[in-house]
2 protein chains.
Amino acid sequence: MNNSIKRMATMQRMQVTGLELFYKKGYYNTSVDDILKELSLSKGAFYYHFDSKEDFLIQIIDNLIVRRVYSMLIEPIEGHDNPLDLITNCFDNALETAVHNEMDYGFILNNLIAEFNGKNSTVMKHLTDILKIWEVNLVTALQKGKFNGFIDRHVDCEGVATYLMSSFIGIRTLMTDVAPSARKYRFMAQLRQYFKSIELKPENV
Amino acid sequence: MNNSIKRMATMQRMQVTGLELFYKKGYYNTSVDDILKELSLSKGAFYYHFDSKEDFLIQIIDNLIVRRVYSMLIEPIEGHDNPLDLITNCFDNALETAVHNEMDYGFILNNLIAEFNGKNSTVMKHLTDILKIWEVNLVTALQKGKFNGFIDRHVDCEGVATYLMSSFIGIRTLMTDVAPSARKYRFMAQLRQYFKSIELKPENV
DNA sequence: TACAAAAGAGACCTAATAGTCTGTTTAACT
DNA sequence: AGTTAAACAGACTATTAGGTCTCTTTTGTA
């Protein structure tokens, strides 16, 4: 087996387990030993591959979390269809996984931001960078929708993007509470209601 | 000075400082000694008044946080005026404090939920109880608005409440990032847009 | 096979932290 | 003033956690 490949495989295993535990128990509440125990690995292995626990987290953010956000929230809204439909379906799917996962701990980005805000600006930068990427892609999709005649030309795309991100982050927090399925249903209905108010109506043409 | 009053005063001081530090640095990242150092008090004082750090947090939640949510998010929406106006002003004010506070760490309820979800069901119950109180009051205000002819009768009040809570929790997270003032402005504009879609329109009478 | 570097094991160190315990001070009450 | 209990001080303990260091094993290569 190639050196580099083995190295990558081990690092990947560690990061996957690390993310899982950080998601479940939080960063400060998960020890390096917890992760290593789960993998039957030792301290030596961990500090051979990563400089520190913080370095480990940052790599998880820049690799795993970025990819998840891309595949779950960004790629689904790319395309030439009505962005309001694309976003509706995208949110629907993203929330559905939360409904079916009895062990749901919310939106990982929100959890980490809540844990690191004001404490660690380095980690925060990596987290907010992902939010920025999401925001930029939302705005782009909405503007394209405006150009293609799906969205009213008076609509403020930045504003809609902010509102969408807010509501998504918030509903993920609420869904960790009780009756996530009912919460999702109500949320999606109101999202559609909101979208109806910004779509290009025939009488406005 | 009366015994009981002195006791209450000291406990109050501890709780106020405790909440401040938990808000700034998070619960797990704040030690009991940190709080005591800030107050020039000793371990003996702390454990004389509180059973444990967790007991201390729960008392903070049930006293200080509950009151803040009441005064900031619940009392302002009580009354017989148009609830959509009341809620708009309420959110505007609640977000304004975040704008002017350079050291903003988001919505305390969201931060704590993110930190305790899946880890400590006792603490979680106290947190989600507050969310429930908020939700009930929102629904009541909206239903009253329906009855008084401010809101369209087809509107699902539970759904609107969920959507409002979600967006508020989310925008508070986003406002900790960059340009909170611009974020707030955009958010409020979209909130009004959304409200226009559920208000009782003259042609619907 | 021989060798060198990569990968990993695990004992150990140090700092921090929740909680305990004993002793001292303060304040209320007779 | 004297007594008693509340209120507090602060040293101490047990445990945990991040990180280091040395030694061993595995693996690619000549």
Side-chain angles (χ1 to χ4, degrees), chain A residues 1-61 112 115-116 118-123, chain B residues 1-61 112 115-116 119-123 126:
Chain A
M1 184 189 273
N2 185 310
N3 247 350
S4 169
I5 289 182
K6 168 160 184 165
R7 180 181 176 83
M8 289 299 180
T10 307
M11 289 177 81
Q12 182 78 3
R13 274 182 66 217
M14 287 180 175
Q15 290 181 30
V16 168
T17 304
L19 175 57
E20 191 184 325
L21 290 183
F22 288 157
Y23 182 54
K24 269 191 206 167
K25 317 205 301 166
Y27 175 80
Y28 289 114
N29 216 24
T30 304
S31 69
V32 173
D33 282 321
D34 287 341
I35 300 163
L36 294 171
K37 193 177 177 186
E38 192 83 11
L39 292 162
S40 301
L41 284 173
S42 67
K43 279 273 175 71
F46 185 87
Y47 285 96
Y48 176 77
H49 290 291
F50 302 99
D51 293 341
S52 64
K53 191 186 175 187
E54 178 178 319
D55 170 54
F56 178 61
L57 172 66
I58 289 176
Q59 292 208 38
I60 287 177
I61 295 172
L112 290 174
E115 209 171 347
F116 283 99
K119 289 157 238 164
N120 187 317
S121 58
T122 308
V123 171
Chain B
M1 185 190 272
N2 187 309
N3 247 350
S4 169
I5 288 184
K6 168 161 186 167
R7 180 181 175 84
M8 289 300 180
T10 306
M11 289 177 82
Q12 182 77 2
R13 275 182 66 216
M14 287 179 174
Q15 290 181 30
V16 168
T17 304
L19 175 57
E20 191 184 326
L21 290 183
F22 289 158
Y23 181 54
K24 270 191 207 168
K25 317 204 301 167
Y27 176 81
Y28 288 114
N29 215 26
T30 303
S31 70
V32 174
D33 283 322
D34 288 340
I35 299 164
L36 295 170
K37 193 178 176 186
E38 192 83 11
L39 293 161
S40 300
L41 284 173
S42 67
K43 277 274 173 71
F46 185 87
Y47 285 97
Y48 176 77
H49 290 290
F50 302 98
D51 293 341
S52 64
K53 190 186 174 187
E54 179 179 320
D55 171 54
F56 178 60
L57 172 67
I58 289 176
Q59 293 209 38
I60 288 177
I61 294 171
L112 290 174
E115 209 170 347
F116 284 98
K119 286 157 242 166
N120 187 318
S121 57
T122 308
V123 171
H126 289 259

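The sequence lines fix the lettering, A, B, ..., with proteins before strands; numbering per chain opens at 1.
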Side chain of [X], heavy atoms from C-beta onward: which of [options] has the nearest atom to it?
{"X": "Tyr47(A)", "options": "dG19(D), dG10(D), dG19(C)", "answer": "dG19(D)"}
{"X": "Ala45(B)", "options": "dG19(D), dA18(C), dA9(D)", "answer": "dA9(D)"}
{"X": "Tyr48(B)", "options": "dA7(D), dC8(D), dG19(C)", "answer": "dA7(D)"}
{"X": "His49(B)", "options": "dA9(D), dG8(C), dA7(D)", "answer": "dA7(D)"}

task = Examine dA7(D): is either OP1 or OP2 under 4.0 Å from a nitrogen or oxygen in the side chain of Thr10(B)? Give yes or no.
result = no

Exercise for review: Ignoring backbone atoms, establish whether Ser42(A) has a side-chain N or O less than 4.0 Å from OP1 or OP2 of dG10(C).
Suggested key: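 No, because none of the side-chain N or O atoms of Ser42(A) sits under 4.0 Å from OP1 or OP2 of dG10(C).
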
Atom-to-atom span, [atom1] of [X] to [atom2] of [N] - whole angstrom:
{"X": "Leu36(B)", "N": "dT17(C)", "atom1": "CG", "atom2": "P", "result": "12 Å"}
{"X": "Arg7(A)", "N": "dT27(D)", "atom1": "CZ", "atom2": "P", "result": "16 Å"}
{"X": "Met14(A)", "N": "dA7(C)", "atom1": "CE", "atom2": "P", "result": "11 Å"}
{"X": "Leu21(B)", "N": "dA18(C)", "atom1": "CG", "atom2": "P", "result": "12 Å"}
{"X": "Gln12(A)", "N": "dA7(C)", "atom1": "CD", "atom2": "P", "result": "15 Å"}
{"X": "Phe46(A)", "N": "dC21(D)", "atom1": "CZ", "atom2": "C1'", "result": "17 Å"}
{"X": "Phe50(B)", "N": "dA7(D)", "atom1": "CZ", "atom2": "C1'", "result": "13 Å"}
{"X": "Phe22(B)", "N": "dT17(C)", "atom1": "CZ", "atom2": "P", "result": "12 Å"}

Of Tyr27(A) and Gly44(A), the one whose closest nucleotide on DNA chain D sits nearer the 5' end is Tyr27(A)

In terms of the angle between their ring planes, are Phe116(A) and Tyr28(A) parallel, tilted or perpendicular, with boundaries placed at 30° and 60°? tilted

Taking donor-acceptor contacts at under 3.5 Å, does the side chain of [X] reach the base of [N]?
{"X": "Lys43(A)", "N": "dG8(C)", "answer": "no"}
{"X": "Lys53(A)", "N": "dG19(D)", "answer": "no"}
{"X": "Ser31(A)", "N": "dA17(D)", "answer": "no"}

Using 0.5 Å steps for rounding, measure from the OG1 atom of Thr10(B) to the NE2 atom of His49(B).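 NE2 of His49(B) is found 4.5 Å from OG1 of Thr10(B).
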
Check your understanding: Can you check whether Lys25(A) reaches Asp34(A) side chain to side chain, under 4.5 Å on heavy atoms?
Key -> yes

Review point. Checking Lys53(A) against Tyr27(A): charged group under 6.0 Å from the ring centre and within 45 degrees of the axis?
Key: yes

| query | At their closest point, which heavy atom of Gln15(B) faces which heavy atom of Ile60(B), and how far apart are they? | reply |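 Looks like O-CD1, 3.6 Å.
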
